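Remember, it's a predicted structure, so these values are computed and weren't measured experimentally. Chain letters run A, B, ... following the sequence lines, proteins first, then strands; residues in each count from 1.
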Protein chains: 2
Amino acid sequence: MPTILDIARVSGVSKSTVSRVLNHHPHVSEDSRRKVEEAIKELSYVRNLRGVQLRLQRNHTIGIVVPLLDHPYFSRLAGILTKTCRDAGYKMVIHQTFFSQDAESEIYDALIHKEVDALILTHSAFSEEEIKSRVQDQIVVVCNEQFEGAQFDTVGVDEEEATFIATDHLLHQGAFPLIFCGDDMDSPLQQKRWEGFKRAHAHHGLECADTCCHNKVITIEDGVALGEERFRTASPPKGIVAGSDFVAAGLLAAANAVGLSVPEDVKIIGFDDHPICLTTSPTLSSISYALDEIALDLMGRLTQRLQGKNPEPLLIKRKPGLVRRGSS
Amino acid sequence: MPTILDIARVSGVSKSTVSRVLNHHPHVSEDSRRKVEEAIKELSYVRNLRGVQLRLQRNHTIGIVVPLLDHPYFSRLAGILTKTCRDAGYKMVIHQTFFSQDAESEIYDALIHKEVDALILTHSAFSEEEIKSRVQDQIVVVCNEQFEGAQFDTVGVDEEEATFIATDHLLHQGAFPLIFCGDDMDSPLQQKRWEGFKRAHAHHGLECADTCCHNKVITIEDGVALGEERFRTASPPKGIVAGSDFVAAGLLAAANAVGLSVPEDVKIIGFDDHPICLTTSPTLSSISYALDEIALDLMGRLTQRLQGKNPEPLLIKRKPGLVRRGSS
DNA sequence: GTGAAAGCGCTAACAT
DNA sequence: ATGTTAGCGCTTTCAC
């Protein structure tokens with residue numbers, strides 16, 4: 001494995017000049033540049049990043065925090081963000097927290113010790129302030145977690161509004177009472193959604209009890225299980241605002257299995273507008289996000305910070321869309 | 001950010017001793033060890049990995065190659081493998097190739113230049129020999145890509161057999177002619193599957209034309225599109241072996257939309273036994289994999305190689321399972 | 001059992 | 001425009 005010293009020897013210049021060529025510095029003679037480039041090609045030299053990193057105290061690596069990868073929303077988001085970062089010349093390390101605060105804490109430690117140059121949060125079990133106190137002035141940006149943008153750049157969809165729209169839609173169709181389910185009711189995101197759910201009820205002059213809120217409903221199987229439980233009671237709910245399309249699909253399957261008709265007996269709506277919505281009978285209504293645009297917004301902001309700029313934290317909330325299909 | 005030198009100063013020993021404590025060397029006096037540990041706690045010191053890496057020429061980082069993350073099979077596999085690696089004390093960097101040979105080549109370069117200590121392949125657009133010639137004696141292990149295990153440790157399901165079972169099952173139900181679809185027919189995996197598909201036909205004394213093979217069918221939407229195209233012809237296929245459950249779900253939705261009954265008019269089977277199988281009407285038959293076991297097998301092997309052992313490449317092929325549901 | 005010193009590959013301030 | 005040199009944080013001989 002050749003080093004810049006080898007390149008220097010072969011091309012007959014000093015290693016500083018090699019470094020200058022490598023880093024596209026000005027003030028290098030055309031002649032030196034050519035010789036160095038030839039030597040690089042000849043020895044098929046590639047920079048050892050660890051040397052650079054040790055010297056520069058930078059990694060060109062960004063971390064992304066997701067609760068779990070085996071999830072249609074987070075895998076899609078991680079896929080898009082990874083590509084976006086790569087295109088911007090950064091490597092991406094994906095961290096799964098499995099909704100655990102301990103696992104999330106370790107990631108902040110990694111950031112503080114500069115194992116990554118910045119962190120993208122897509123979910124958190126902490127509040128914005130708690131995170132800020134941990135990470136100090138390290139770079140953190142937030143993607144579609146419902147922080148207020150007080151500490152970090154935050155871009156995403158207005159989740160309170162999204163849930164209001166979904167809930168209002170079901171209530172408007174005459175579905176009541178409703179139930180609501182989310183993956184982690186302790187997170188700010190789920191709290192926002194829950195507020196939107198309640199606001200829609202108030203808007204229609206209806207009461208909604210805390211008992212219609214279900215926590216830790218994440219996967220298709222969770223949706224099936226919740227449906228099996230709630231649909232078999234004497235008075236099953238008339239409508240469901242599900243935390244994701246996968247959960248919604250599971251609930252729909254349970255309704256079919258129990259013999260309830262969708263949307264006549266029970267109406268269902270999910271989040272994300274994932275293509276799974278097209279594969280159920282009836283097809284699933286959903287709230288849509290423009291993830292690609294969100295990713296670009298976020299990366300733009302992140303790039304600025306990585307270049308040392310330090311503007312006030314920004315909050316971008318995009319409008320969600322209602323995609324009405326067969327299930328409502 | 002404190003360094004071992006700070007620890008050395010505070011604890012009153014030399015930095016070599018600090019290093020020895022850090023690395024759990026023997027021959028350190030109990031007294032020194034205690035003082036160093038106190039200083040570490042006091043300054044909340046954490047090792048700077050880049051220093052270690054530069055010195056040791058190792059990263060404690062493993063790369064994983066997936067075609068794309070936004071895919072139920074690969075995101076699940078990536079999730080499991082990432083957790084398995086983390087538990088073994090390694091970081092994981094996920095690379096998406098988007099089925100491009102160029103993107104994949106870059107990853108091999110990264111391996112050669114030791115940006116990662118090893119690579120886990122879950123898909124490749126190259127042959128085993130081509131990869132070997134690129135990566136030389138760097139560590140590569142293969143997860144469920146159908147290599148022959150001549151060059152690399154390979155663990156996964158016998159895909160030829162899996163496809164034989166799926167195809168045989170449909171033919172046995174009287175479904176003929178069939179069509180077959182895969183994500184990337186140039187890959188060894190899809191070739192194996194295609195061979196299993198043909199072998200099942202031969203087993204039943206039936207012919208199958210190359211025209212029943214469809215390439216680059218990856219997502220739910222691809223499945224819908226393929227279904228719309230093939231189901232509207234005068235003589236639609238009687239059965240489909242789909243490359244993944246998502247594609248199968250898309251095909252099923254298209255069949256329903258076109259007015260074909262499943263399984264009466266057309267029978268469908270997918271791969272992976274993903275829970276989406278439970279959410280369609282009818283539910284989807286599928287070929288099941290034991291991914292968690294595969295991940296553990298693989299990690300065991302990988303750990304050995306990372307410890308410098310260099311046994312002959314191993315080939316583990318687990319038996320696939322047939323999960324019969326409503327669609328066949 | 002412990003410390004001094006060399007060096008992993010690289011960049012940048014300083015000198016020329 | 002180019003070379004010399006120090007040093008990023010760490011591990012590991014080699015002395016003692």
Over how many whole Å does the gap from [X] atom [atom1] to [N] atom [atom2] extend?
X: I7(A); N: dT2(D); atom1: CD1; atom2: C1'; value: 18 Å
X: H60(B); N: dC10(D); atom1: NE2; atom2: P; value: 15 Å
X: K114(B); N: dG9(C); atom1: NZ; atom2: C1'; value: 14 Å
X: L49(B); N: dC8(C); atom1: CG; atom2: C1'; value: 15 Å
X: R50(B); N: dT11(D); atom1: CZ; atom2: C1'; value: 17 Å
X: L22(B); N: dT11(D); atom1: CG; atom2: P; value: 6 Å
X: L5(B); N: dT11(D); atom1: CG; atom2: C1'; value: 14 Å
X: K35(A); N: dA1(D); atom1: NZ; atom2: P; value: 15 Å

### Message
Looking at E37(B) and K41(B), is any side-chain nitrogen of the basic one under 4.0 Å from a carboxylate oxygen of the acidic one?
### Response
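No.
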#### Entry: Test: D183(A) and K216(A) ion pair at under 4.0 Å
no
### Presence of S32(A) side-chain N/O under 4.0 Å of dA1(D) phosphate oxygens OP1/OP2
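Indeed not, no polar side-chain atom of S32(A) lies that close.
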### Query
With respect to the phosphate group of dT2(D), does any side-chain polar atom (N or O) of S29(A) fall under 4.0 Å of OP1 or OP2?
yes
### Query
Quick one: are V155(B) and K317(B) in side-chain contact, heavy atoms under 4.5 Å?
no
### Query
Testing Q146(A), E145(A), E148(A), E159(A) for side-chain hydrogen bond (donor to acceptor under 3.5 Å, both in side chains) with K192(A), which one passes?
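Single side-chain hydrogen bond (donor to acceptor under 3.5 Å, both in side chains) partner of K192(A) among Q146(A), E145(A), E148(A), E159(A): E148(A).
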### Given DNA chain C, 5'-ward residue of the pair Q57(B) and S14(B), judged by closest heavy atom
S14(B)
Restricting to nitrogen or oxygen on both sides, can you table the protein-nucleotides 12-16 of chain D pairs closer than 3.5 Å?
from: dT12(D); atom 1: O4'; to: R55(B); atom 2: NH2; distance (Å): 3.4

### Ring-face cation of R134(A) near F126(A) (centre distance under 6.0 Å, axis angle within 45°)
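Flagged: R134(A) positioned over aromatic ring of F126(A).
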Choosing from [options], which nucleotide comes nearest the side chain of [X]?
X: V28(B); options: dC10(C), dT2(C), dC8(C); answer: dT2(C)
X: L54(B); options: dC8(C), dT11(D), dG1(C); answer: dC8(C)
X: N48(B); options: dG9(D), dT4(D), dG9(C); answer: dG9(D)

### Task
Go through the structure and list residues passing side chain to side chain donor-acceptor pair (under 3.5 Å) with S32(B), not counting sequence neighbours.
S29(B)
### Task
Report the residues that fulfil ring-ring contact (aromatic ring centres under 6.0 Å, His included) with F99(A), sequence neighbours left out, ordered by chain and then residue number.
H123(A)
